[in-house]
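Shown next, in C-alpha cells, is the structure this report addresses.
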Amino acid sequence: MNIAQLQQEILRLKKEKDVCVLAHSYQAREICEIADFTGDSYKLSVDASKVKNKTILMCGVRFMAETCKILSPEKTVLLAAPQAGCAMADQMDKELISQVKTMYPNHTVVAYINTTADLKTICDVCVTSSSAVKIVNNIENKDILFIPDCNLGAHVAKQCPDKNIKLLNGGCPIHACVNTDDVKKAKALYPEAELLVHPECVPEVCAMADYIGSTSGIMDYAVKSDKKEFIIGTEISIAEHLQYMCPDKTFHILSLKLICPNMKATTLVDVYNCLSGKGGEEIVLSENTIREAKRCIDEMIRLGE
Ligand code: 13P
Ligand code: SF4
C-alpha cells in the first residue's frame, strides 16, 4: 500500500471501529492528516474528554495517552507507538517528589502535564505550556513548587513576580540543547525573521525571542502575523506544518537538534496496525491512580478557565 491507500484504509477502520484519533502537533504531516484532532497537549486533553467515541488512539507520547485515560476512564485508550515515552516525563518519579515535598510542606505542587500519571497522583495541579502562567496566577498560595521543567518554570516565574516559585533541575533535553550561539547563527542567516520559541528552551534563548509560547501558540502567532519570515524554536515538525499552512511565508528551523525521537516514533503503519488490533498498547491505569491523578487535571481545567 502507498501512503494515500494506507490513509484511506485508516479512515475506513477508524469509522468502522468508532475510534477517535488524536495527533500532537509534533507528529508527521501524514499522521495529522488522518487525525480527528490535532494540537498542543492542553487542547488534546480537553478534546479527548469531549468525544463520544468508545476508543481513543493517541499519536504522541505516553503521558498524553495517560492523560486521555484519566479524563475518559470508561474509554479504551491506545498508544500507537508503545515505545514513545517523554524524556522529561521520565526524569522525576513519585518517590523523588514525595521526598522533595517534605522539604516544602506549604508549597502548592504544580506539575507540568509532561509527567507520569503516577507522579500526578501526589501533585496539586497540572499545567501545560499554554496554560501555565494563567493557572499559576490563579492559584491562591504564593508558594509554588514547579516540576519538572525548570525552563518553563523560569518563564512562569518571570510572568508571575508575586509568586515564590521553587524549581528543580529537570527539563526537556531536546529544547534545552539549543543555546544562544544557535540563535545568533540563525539570526545572522535570516536577519529579517522573527524568532518564535517554546518555553522549554533555556531562559537565555527565550530572552532573544520575539514570541514565547506553546506549540499551538507559536502556530497561531505565525499564521496571524503580518511578518513573512520566521525562525521556529521548537520541534522541527512545527516549521514543516506551518510551511504547508502558510505557503506565502517562510519558516526556518532554529536548530537541527530540535528533533524529538519519541515524537518521531509513530508511523502511519503503527496507526494502521493499532487500528487492526496488531499493534499499539492499551493504556491501563488502576482506579486509584485515575482518581488521584484526575484531581490534578480537573484543577488545571478549573483554574485555566
Ligand atoms: P505543548 O504543551 O506545547 O503541546 O508541548 C508539549 C511538548 O512535549 C513540548 O515539548
Ligand atoms: Fe518530551 Fe521534549 Fe519530546 Fe516534548 S520534545 S515529548 S518534552 S522529550
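For ligands, and for the atoms within them, numbers begin at 1 and follow the listed sequence.
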ask   = Is any side-chain N of the basic residue among K257 and D182 closer than 4.0 Å to the acidic one's carboxylate O?
value = yes
note = Distance filter < 2.8 Å from atom 3 (Fe) of ligand 2, protein N/O/S hits 1
remark   = Here the gap from T267 atom OG1 to I31 atom CD1, rounded to the nearest 0.5 Å, amounts to 6.5 Å
task = Report the relative orientation of the aromatic rings in H198 and H175; use parallel for angles under 30°, tilted for 30 to 60°, perpendicular for over 60°.
result = tilted
query = Between S25 (side chain) and G39 (backbone), is there a donor-acceptor pair under 3.5 Å?
reply = yes
task = Just do the side-chain hydrogen bond (donor to acceptor under 3.5 Å, both in side chains) check on T128 and S130 with the steps written out, would you?
result = CA-CA 5 Å; T128 63; S130 53; 3.3 Å; yes
query = Is the backbone of N106 close enough, under 3.5 Å, to the side chain of N141 for a donor and an acceptor to pair up by distance?
reply = yes
query = Do NZ/NE/NH1/NH2 and the carboxylate oxygens of K54 and E74 come within less than 4.0 Å?
reply = no
For N114, atoms of ligand 2 separated by under 4.0 Å from a heavy atom = 7 (S)
query = What atoms of ligand 2 come closer than 4.0 angstrom to any heavy atom of H175?
reply = 5 (S)
Put together the list of close N/O pairs, under 3.5 Å, between ligand 1 and the protein, could you?
unit_1: ligand 1; atom_1: 2 (O); unit_2: S41; atom_2: OG; d: 2.7
unit_1: ligand 1; atom_1: 2 (O); unit_2: S129; atom_2: OG; d: 2.8
unit_1: ligand 1; atom_1: 3 (O); unit_2: S129; atom_2: OG; d: 3.0
unit_1: ligand 1; atom_1: 3 (O); unit_2: H198; atom_2: NE2; d: 2.9
unit_1: ligand 1; atom_1: 3 (O); unit_2: T215; atom_2: N; d: 3.0
unit_1: ligand 1; atom_1: 3 (O); unit_2: T215; atom_2: OG1; d: 3.1
unit_1: ligand 1; atom_1: 4 (O); unit_2: H24; atom_2: NE2; d: 2.6
unit_1: ligand 1; atom_1: 4 (O); unit_2: S41; atom_2: N; d: 2.9
unit_1: ligand 1; atom_1: 4 (O); unit_2: S41; atom_2: OG; d: 3.4
unit_1: ligand 1; atom_1: 4 (O); unit_2: T215; atom_2: OG1; d: 3.2
unit_1: ligand 1; atom_1: 5 (O); unit_2: H198; atom_2: NE2; d: 3.4
unit_1: ligand 1; atom_1: 8 (O); unit_2: N114; atom_2: ND2; d: 3.2
unit_1: ligand 1; atom_1: 10 (O); unit_2: Y26; atom_2: OH; d: 3.3
unit_1: ligand 1; atom_1: 10 (O); unit_2: E200; atom_2: OE1; d: 2.8
unit_1: ligand 1; atom_1: 10 (O); unit_2: E200; atom_2: OE2; d: 3.3

inquiry  = Working note: E200 + Y112, criterion side-chain hydrogen bond (donor to acceptor under 3.5 Å, both in side chains); need CA distance, chi angles, decisive distance, verdict.
reply    = CA-CA 11 Å; E200 287 173 13; Y112 191 17; 2.6 Å; yes
request  = Report yes or no: does E200 have a heavy atom closer than 4.0 Å to ligand 2?
outcome  = yes
inquiry  = Under a 4.0 Å threshold between the charged nitrogen and the carboxylate oxygen, would E292 count as salt-bridged to K120?
reply    = no
ask   = Between D143 and K163, is the closest basic N to carboxylate O distance under 4.0 Å?
value = no
query = Is it true that R302 and E299 have a side-chain N and a carboxylate O under 4.0 angstrom from each other?
reply = yes
